[in-house]
Amino acid sequence: MPNMNGHCQDEDESCIPAASRALNTFNPIRSIVDQMVIEPNVNKPLIPLSIGDPTTFGNLPISEATKNALCDVISTGKCHGYGPSDGFPVAKKTIAEFYSFEEHPLTSNDVILTSSCSGAIDLAIGAIAEEGSNILIPKPGFSIYQTLTTVYNVNVKFYNLLPEKNWQIDLESLESAIDQETSAIVICNPSNPCGSVWSASHILEILDIAEKYGLPIVADEIYADMVFSNVTFFSFGKLSKRVPVLVMGGLAKRWLVPGWRVGWILIHDRQNKLKNVRVALRNLSQRILGPNSLCQLAIPGILANTAEQFYKDVMLKIEVNANYAFAKLSLCPGLKPVMPSGAMYMMVGIDRSKFDIDLDDLQFTQQLVKDQSVFCLPGRCFQCPYYFRIVLTVPHEMMREACARIEEFCIKKLY
């Protein structure tokens, strides 16, 4: 068998070694979940609060505009071939106009189409981080950032988010992580896994640190504008005047089509500091010759015709679940949920001192599945031990049942 260096460990000389970069690649969520003992209670149907796919339960259907846009493109018969590696011009133009700001308009040249938002993050890291350098990523944060750096032999360093401040960045932690090898600061706003949405003033504080050290921002904004009532989303691209920002987005979450695998990079660069990075992004886009042609060409119809009420209705359902889960779990002994402001998730803290056995987040979530058939992801999947993440896109009755079961579990485990 090949070892992690790609060489064969046994005596079979016919064993073909695998590339070490592939063998060394791992997804922290998968490596943790695959090792978990997930044995649901056979007397209770499983409630998976672990899946970050808003389409799983069918309670959040796509808009009619999205359906019609896809059907219209198919009917033209002109969507079956290859497109430009960085995206069809009509799709790029539409996205540029949709995300332009009066003070900083975008053009087609500022848009790169990618195969999913994860693909956008991959291109951004590959274009901006030299081999052996490091990027700064949030803790807690989405695990894909770590996964994608491995292939490029780029290191990661963590900065902390503060639950007592609704998951704002610990600015001292961020600044202390920067060194001469740092290539970029990666942020996720609105946040997976926290559901936090940062204020304009906090974003400006982050941008001040990036400007001080001459670092670009790689902004994962796949949940852009997915915020609760009376909350405003601010894009890093809009607020930054001097710091170059690569904004990642896509159709997956706001338009509820993650399986379409359409993402994009928006290049916000008022000072023209990313001229070499633009070349690198386009070079890297040639590896797979662009995302799905059919779905790309549906973008103009989707963005032009999706009613504002559709977005509001989706977020209202998520917000109702968030309010209910926060209220119920706040009353559960030993739990401390942090109320989100958007996206699709909530992080829940575990007070180990309240339980009759020493439960870390992995043990807690495993026993919760075994006893109550409720599956949540342990916080260590996001570099955040003694928390667990719940997904808020499930049908409301399922959320009510899940919270009741979690409460019953906590009461049984009390001292």
### Message
Is it the case that the side chain of Arg254 and the backbone of Leu251 share a donor-acceptor pair, with hydrogens and angles ignored and the cut-off at 3.5 Å?
### Response
no

#### Entry: Side-chain heavy-atom pair Arg380, Asp360 within 4.5 angstrom cut-off
yes

### Query
Does Thr182 use its side chain to pair, donor to acceptor, with the backbone of Ile135 at less than 3.5 Å?
no

### Query
Atom CD of Gln366 and atom CZ of Phe375: how far apart are they, to the nearest 0.5 Å?
9.0 Å

#### Entry: Thr365 side chain to Leu362 backbone, donor-acceptor under 3.5 Å
yes

### Task
Kindly indicate, with the supporting measurements, whether the criterion side chain to side chain contact (heavy atoms under 4.5 Å, CB included) is fulfilled by Ile74 and Leu294.
CA-CA 7 Å; Ile74 293 174; Leu294 171 61; 3.5 Å; yes

### Query
Is the side chain of Gln286 donor-acceptor paired with the backbone N or O of Ser85 at a distance under 3.5 Å, no angle test?
no

### CG on Leu123 to CG on Asn283, rounded to 0.5 Å
10.0 Å

#### Entry: Sub-4.5 Å side-chain heavy-atom contact between Thr66 and Phe310
no

### Task
Can you establish whether the number of heavy atoms outside Lys44 located under 6.0 Å from its atom NZ is more than 12?
yes

### Task
Nearest 0.5 Å please: distance from the CG atom of Leu359 over to the OG atom of Ser353.
11.5 Å

### Message
Quick check: do Ile222 and Asn192 have side-chain heavy atoms less than 4.5 Å from each other?
### Response
no

### Message
Is it the case that the side chain of Ser373 and the backbone of Pro45 share a donor-acceptor pair, with hydrogens and angles ignored and the cut-off at 3.5 Å?
### Response
no

#### Entry: Heavy-atom check, side chain of Glu103 versus side chain of Lys238, under 4.5 Å
yes

### Message
Please tell me whether Asp72 and Ser75 have a donor and an acceptor in their side chains that are separated by less than 3.5 angstrom.
### Response
no

### Task
Using a 4.5 Å cut-off on heavy atoms from C-beta on, say whether the side chain of His268 contacts that of Tyr99.
no

### Query
Between the side chains of Ser143 and Asn27, does any donor sit under 3.5 Å from an acceptor?
yes

### Task
Kindly indicate, with the supporting measurements, whether the criterion side chain to side chain contact (heavy atoms under 4.5 Å, CB included) is fulfilled by Met226 and Met315.
CA-CA 7 Å; Met226 294 183 68; Met315 290 313 300; 3.7 Å; yes

### Query
Can you name the closest pair of heavy atoms from Ser50 and Arg389 and give their distance?
O-NH2, 3.1 Å

### Task
Looking only at non-hydrogen atoms, find the nearest pair between Val338 and Pro163 and report the distance.
CG1-O, 4.0 Å

## Note on the structure
Nearest heavy-atom contact between Val262 and Gln296 is CG2-N, 4.4 Å

### Task
Applying side chain to side chain contact (heavy atoms under 4.5 Å, CB included), run through Ile406 and Leu335 and close with a yes or a no.
CA-CA 10 Å; Ile406 293 171; Leu335 298 186; 3.7 Å; yes

### Message
Salt bridge check, Asp110 against Lys92: does any charged N sit closer than 4.0 Å to a carboxylate O?
### Response
no

### Query
Knowing that exactly one of Glu408, Glu401, Gln367 qualifies, which makes a side chain to side chain contact (heavy atoms under 4.5 Å, CB included) with Gln372?
Glu408

### Message
Main chain of Arg282, side chain of Asp86: is a donor-acceptor contact present, judged purely on distance under 3.5 Å?
### Response
no

### Task
Any chance you could measure Asn109, atom CG, to Ile112, atom CD1, to the nearest 0.5 Å?
9.0 Å

### Message
What's the separation between atom CG in Leu281 and atom CD1 in Ile128, rounded to the nearest 0.5 Å?
### Response
7.5 Å

### Query
Does the side chain of Val156 come within less than 4.5 Å of Tyr145's, by heavy atoms?
no

### Query
Can you tell me if CD on Glu175 sees more than 12 non-hydrogen neighbours from other groups inside 6.0 Å?
yes

### Message
Looking at Ser133 and Ala129, would you say the former's side chain and the latter's main chain have a donor-acceptor pair under 3.5 Å?
### Response
no

### Query
Taking the six-membered ring for Trp, are Tyr345 and Tyr223 ring centroids under 6.0 Å apart?
yes

#### Entry: Non-hydrogen side-chain atoms of Ser235 and Glu221 separated by less than 4.5 Å
yes

### Query
Which heavy atom in Arg278 sits nearest to a heavy atom in Asp269, and how many Å separate them?
NH2-CB, 4.1 Å

### Message
Once ring-ring contact (aromatic ring centres under 6.0 Å, His included) is applied, what residue pairs with a partner in residues 383-406 remain, sequence neighbours excluded?
### Response
Trp167-Tyr387, Tyr324-His396, Phe364-Phe388

#### Entry: Ser229 backbone acceptor or donor facing Glu319 side chain under 3.5 Å
yes

### Query
Considering residues at least two apart in sequence or located in another chain, which fulfil the ring-ring contact (aromatic ring centres under 6.0 Å, His included) criterion with Phe236?
none

### Query
Under 6.0 Å from the NZ atom of Lys336, do we count more than 12 heavy atoms belonging to anything else shown?
no

### Task
Answer yes or no: does atom CD of Glu164 have more than 12 heavy-atom neighbours from other residues, nucleotides or ligands under 6.0 Å?
yes

### Task
Identify the heavy atoms of Ser240 and Arg270 that sit nearest to each other, and give their distance.
O-NE, 3.1 Å

### Message
So does Val394 get a backbone contact from the side chain of Asn321, meaning a donor-acceptor N/O pair under 3.5 Å?
### Response
yes

#### Entry: Side-chain donor or acceptor of Asn160 paired with backbone N/O of Ser173 under 3.5 Å
no

### Message
Would Val186 and Ile121 count as a side chain to side chain contact (heavy atoms under 4.5 Å, CB included) here? Give the steps.
### Response
CA-CA 10 Å; Val186 176; Ile121 297 166; 5.9 Å; no

### Message
Is any side-chain heavy atom of His202 closer than 4.5 Å to one of Leu171?
### Response
yes

### Query
How long is the span from the NZ atom in Lys317 to the CG atom in Asn59, to the nearest 0.5 Å?
6.0 Å

#### Entry: Minimum-distance pair of heavy atoms, taken over all atoms of Ala343 and Ile318
O-CG2, 3.6 Å

